[in-house]
Amino acid sequence: MNSTQSLPRAAATATLVRTIEWVDTDAAGHQHNSAVLRFVEACEAKLFRDLELPEYFPLAPRVRHELNYRAKLYFGQQVTTTVVVEKIGRTSMTFSFEVWGEEFQGDPRVLAAHGSFVTAHVARGGTMATPWPAEFTAKITAPEG
């Protein structure tokens with residue numbers, strides 16, 4: 001494998017639908033900025049459960065995060081979050097994500113947020129990035145079937 005391998009869109013993707021709850025909103029009446037991050041992390045968790053890699057989480061701290069807010073989300077609105085593994089390198093993985101507010105109170109579906117994040121593999125007890133285990137890279141790069 002190259003030092004960084006770009007993956008086909010279908011290789012490792014998850015989608016999760018949630019509803020904006022009262023706890024997800026702030027005094028302005030729309031989503032709190034942290035709600036989008038929680039939706040993305042929940043979708044990421046779904047991705048790694050689907051890949052049967054639950055051990056990913058204690059080994060993959062975030063080393064970079066970029067988030068662009070585009071539209072507001074409101075209490076009771078359905079939200080669809082998609083997370084995609086874009087690249088996997090020797091010790092890091094790059095993801096993209098989109099958070100869509102579904103049609104709500106007569107307003108059309110809208111891209112509410114998008115961005116990217118990078119995680120690094122850090123072995124248990126370690127303090128530095130180490131190569132991803134072969135099982136991880138095999139499951140993440142396998143085409144969906």
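Bear in mind that the values here come from a model prediction, so they are computed numbers and not experimental data.
- Between Thr91 and Trp132, the closest heavy-atom pair is C-NE1, 3.3 Å.
- Nearest heavy-atom pair across Ala123 and Thr130 is N-OG1, 3.5 Å.
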Q. Hey, mind stepping through Phe75 and Gln77 against side-chain contact (heavy atoms from CB on, under 4.5 Å) and telling me if it holds?
A. CA-CA 6 Å; Phe75 174 68; Gln77 186 174 14; over 6 Å; no
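- Here the side chains of Leu59 and Arg124 are in contact, with some heavy-atom distance below 4.5 Å.
- Residues Tyr69 and Leu73 share a hydrophobic cluster, clusters being chains of Ile/Leu/Val/Met/Phe/Trp/Tyr side chains in contact below 4.5 Å.
- Both Leu53 and Val85 are part of a single hydrophobic cluster, where members link through side-chain heavy atoms under 4.5 Å apart.
- In this structure, the side chain of Trp100 does not engage the main chain of Ala112 through any donor-acceptor pair within 3.5 Å.
- Both Leu37 and Phe48 are members of a single hydrophobic cluster when ILVMFWY side chains are connected at heavy-atom separations under 4.5 Å.
- Not one N or O on the side chain of Lys72 forms a donor-acceptor pair closer than 3.5 Å with the backbone of Gln31.
- In this structure, the separation between NE2 on His121 and OH on Tyr56 is 10.5 Å, given to the nearest 0.5 Å.
- Rounded to the nearest 0.5 angstrom, Phe97 CZ and Ser116 OG are separated by 7.0 Å.
- Scanning both residues, Leu51 and Lys139, for their nearest heavy atoms gives O-CD, 3.1 Å.
- To the nearest 0.5 Å, atom CG of residue Leu111 and atom OG1 of residue Thr80 are 11.5 Å apart.
- Between the side chains of Glu86 and Ser96, a donor-acceptor pair is found at a separation under 3.5 Å.
- Residues Phe57 and Val40 share a single hydrophobic cluster, defined by chaining ILVMFWY side chains whose heavy atoms lie under 4.5 Å apart.
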Q: Tell me, with the steps shown, if Glu98 and Thr81 meet side-chain contact (heavy atoms from CB on, under 4.5 Å).
A: CA-CA 6 Å; Glu98 292 182 344; Thr81 303; over 6 Å; no
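- Below 30°, between 30° and 60°, or above 60°: for Tyr74 and Phe104 the angle between ring planes is below 30°, a parallel geometry.
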Q) So Gln78 and Arg18, side-chain contact (heavy atoms from CB on, under 4.5 Å) or not? Walk me through it. A) CA-CA 6 Å; Gln78 292 285 300; Arg18 293 279 171 96; over 6 Å; no
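- Between the side chain of Thr25 and the backbone N or O of Trp22, at least one donor-acceptor pair lies under 3.5 Å.
- Contact check on Arg109 versus Glu103 returns no salt bridge, with no Lys/Arg side-chain nitrogen under 4.0 Å from an Asp/Glu carboxylate oxygen.
- Looking only at side-chain heavy atoms (C-beta outward), Glu135 and Glu55 come within less than 4.5 Å of each other.
- Ring orientation note: the planes of Phe117 and His65 are tilted relative to one another, at an angle of 30° to 60°.
- Using a 4.0 Å cut-off between charged side-chain N and carboxylate O, Arg62 and Glu44 make a salt bridge.
- One distance of note links OG1 of Thr82 with NZ of Lys46; it measures 10.0 Å at 0.5 Å rounding.
- Separation of atoms CD (Glu102) and OG1 (Thr19) is listed at 10.5 Å; rounding is to 0.5 Å.
- Going from atom CG of Leu47 over to atom CG of Leu16 covers 11.0 Å, rounded to the nearest 0.5 Å.
- Among all heavy-atom pairs drawn from Ala12 and Ile140, the shortest one is CB-O, 3.7 Å.
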Q) After noting the C-alpha distance and the side-chain angles of Val122 and Thr127, does the key distance pass the side-chain contact (heavy atoms from CB on, under 4.5 Å) rule? A) CA-CA 7 Å; Val122 178; Thr127 58; 5.9 Å; no
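- Under the 4.0 Å criterion applied to side-chain N and carboxylate O atoms, Asp24 and Arg38 are assigned as salt-bridge partners.
- Side-chain contact check for Val79 versus Val99: some heavy-atom pair is nearer than 4.5 Å.
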